[in-house]
Amino acid sequence: MKGVLITGGAGKIGYNLVEKLVDTSYNVTILDLESKKSIKRLSKFKNTVKIVYGDIEDEKLITDLVKRNDIVINYAGVMPPFANLNSSIANSTNFGGTKNIVDAIKLTNPDCIYIHMSFISIYGDTSMTRRCLTVGTESNYPDDYYSVSLARSEEYIKTNLKKYLILRMPIVLTCRNYFINHIRLDTKMNFITKENLNDILLYFMKNNKKGLGKTYNIGGFEVNSNEVVEGFYKATGRISILNRNLYYGIFDDADLIEKQTGLKCDNCKEAFEDIKRENSNFKTTLLRIFNFPKYFIFKNRKKQKRK
């Protein structure tokens with residue numbers, strides 16, 4: 001039975017992966033920070049998986065866990081806006097934690113496969129109205145601390161390991177996601193659900209000889225960002241119109257994943273149907289009423305642009 005270590009297993013995306021692995025032949029270990037929220041959230045798995053509370057920055061702990069597992073999946077990390085307060089915050093967890101995993105694999109368990117979850121922001125900013133990206137696209141050198149820590153992590157993995165897989169994610173549609181509130185409006189972008197993302201991950205876990213030593217862009221589905229803003233309002237009642245120009249682009253080579261895995265991702269409509277089911281109808285209705293003035297401004301802004 002193969003051992004799988006999932007860091008950040010109490011997060012929304014990591015938790016979804018654990019759910020998918022519980023009834024499989026994998027021996028699952030979760031690593032996450034100890035808090036009331038994580039303890040409550042992971043209590044569901046206390047009799048089916050091994051739960052370890054600790055920090056990915058703890059070198060000794062990571063070494064001990066890596067020794068005992070055949071696959072490591074890293075979902076741990078500090079996200080914006082907190083990650084962009086200063087460089088030490090982003091680098092200590094995002095790069096430092098990755099370095100601990102890589103060093104432990106290299107020194108104690110070289111046959112261990114490392115699957116690293118990266119993000120589109122690694123390509124940096126652009127003034128282009130439409131940007132098509134491939135794995136080989138040269139970065140515009142991101143200057144925010146979060147993205148720099150991702151770039152450093154990828155470089156360290158490639159330099160020190162052979163049995164690795166880097167998956168660059170688009171924005172993942174979850175009920176609460178920092179990036180949704182900061183996307184550039186009226187722009188074609190890639191999005192994906194946590195379900196589809198983890199289905200792709202499961203494919204590579206089961207077929208772990210495929211893709212090793214490579215980096216992939218994960219596309220999900222392509223849609224205008226305005227549709228996503230409107231979809232979130234209708235499904236959750238939440239809306240933000242004070243956006244900034246977040247890093248963005250279209251993954252032009254994302255079809256490589258679909259061809260290799262044979263998996264077909266949800267479209268925008270299906271994604272928001274799932275999100276709507278996860279939310280309370282009563283709470284959503286109240287939020288929609290409360291946020292209707294913002295939605296009204298958003299809709300009129302769209303109409304003015306058409307004129």
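Keep in mind it's a predicted model, so treat the numbers as computed, not measured. Positions are given from 1, in the same order as the sequence printed here.
For K188, the side chain to side chain contact (heavy atoms under 4.5 Å, CB included) partners are R130, E222, I250, not counting sequence neighbours. Listed by chain and residue number, Q260 satisfy the side-chain hydrogen bond (donor to acceptor under 3.5 Å, both in side chains) test with Y216 (two or more places apart in sequence, or in another chain).
Closest non-hydrogen pair, L17 versus N198, comes out as N-ND2, 3.4 Å.
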Between side-chain atoms of residues 261-269 and protein atoms elsewhere (two or more places apart, or another chain), which donor-acceptor pairs fall under 3.5 Å?
from	atom 1	to	atom 2	distance (Å)
T261	OG1	I257	O	2.8
T261	OG1	L263	N	3.2
N267	OD1	K269	N	3.1
N267	OD1	E270	N	2.8

Without placing hydrogens or testing angles, list every side-chain donor-acceptor pair under 3.5 Å for residues 21-31, not counting sequence neighbours.
from	atom 1	to	atom 2	distance (Å)
T24	OG1	L21	O	2.6
T24	OG1	Y26	N	3.4
Y26	OH	M205	O	3.4

- request: Kindly determine whether D253 and T134 satisfy side-chain hydrogen bond (donor to acceptor under 3.5 Å, both in side chains), including the steps that lead there.
  value: CA-CA 5 Å; D253 55 356; T134 67; 4.7 Å; no
- request: Under the side-chain hydrogen bond (donor to acceptor under 3.5 Å, both in side chains) rule, what do E57 and N100 come out as? Steps first, then yes or no, please.
  value: CA-CA 7 Å; E57 296 176 48; N100 284 342; over 6 Å; no
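As a member of the Ile/Leu/Val/Met/Phe/Trp/Tyr network built from side-chain separations under 4.5 Å, V135 groups with nothing else and remains a singleton. Residue L85 belongs to a hydrophobic cluster whose other members are V78, F82, I89, with links defined by side-chain heavy atoms closer than 4.5 Å. The hydrophobic cluster of L33 has no other members, since no ILVMFWY side-chain heavy atom comes under 4.5 Å of it. Cluster partners of L286, using a side-chain heavy-atom cutoff of under 4.5 Å among ILVMFWY residues and allowing indirect links, are F282.
Residue pairs satisfying the salt bridge (charged side-chain N to carboxylate O under 4.0 Å, His left out) criterion with at least one member in residues 2-19, sequence neighbours excluded, are listed as follows: E19-K44. Under the salt bridge (charged side-chain N to carboxylate O under 4.0 Å, His left out) criterion, the residue pairs touching residues 151-167 are D111-K163, E154-K158, E154-R168, with sequence neighbours excluded. Screening residues 81-101 for salt bridge (charged side-chain N to carboxylate O under 4.0 Å, His left out), with sequence neighbours left out, gives K99-D103. Applying the salt bridge (charged side-chain N to carboxylate O under 4.0 Å, His left out) test to residues at least two apart or on different chains, none of the pairs has a partner in residues 279-290.
Two residues are said to be in side-chain contact when any heavy atoms from C-beta on lie closer than 4.5 Å; H116 and T98 meet this criterion. You'll find the side chain of F251 stays beyond 4.5 Å of the side chain of I218, heavy atoms only.
At distances below 3.5 Å, at least one donor-acceptor pair connects side-chain atoms of N109 with backbone N or O atoms of V66. Checking side-chain atoms of D144 against main-chain N and O of S147 turns up a donor-acceptor pair under 3.5 Å. Although no hydrogens or angles enter the test, the distance criterion places no donor-acceptor pair under 3.5 Å between the side chain of D252 and the main chain of C132. Here the side chain of S149 pairs no donor or acceptor atom with the backbone of N94 at under 3.5 angstrom.
Of the N and O atoms on the side chains of N279 and T284, not one donor lies less than 3.5 Å from an acceptor on the other residue.
For D64 and K60, the salt-bridge test fails: no basic side-chain N is under 4.0 Å from an acidic carboxylate O. The existence of a salt bridge linking D199 and K20 is confirmed by a sub-4.0 Å separation between a basic side-chain nitrogen and an acidic carboxylate oxygen.
In summary, the aromatic rings of Y233 and F292 are positioned with their centroids too far apart to meet the 6.0 Å limit.
At most 12 non-hydrogen atoms from other residues, nucleotides or ligands lie less than 6.0 angstrom from CD of E138.
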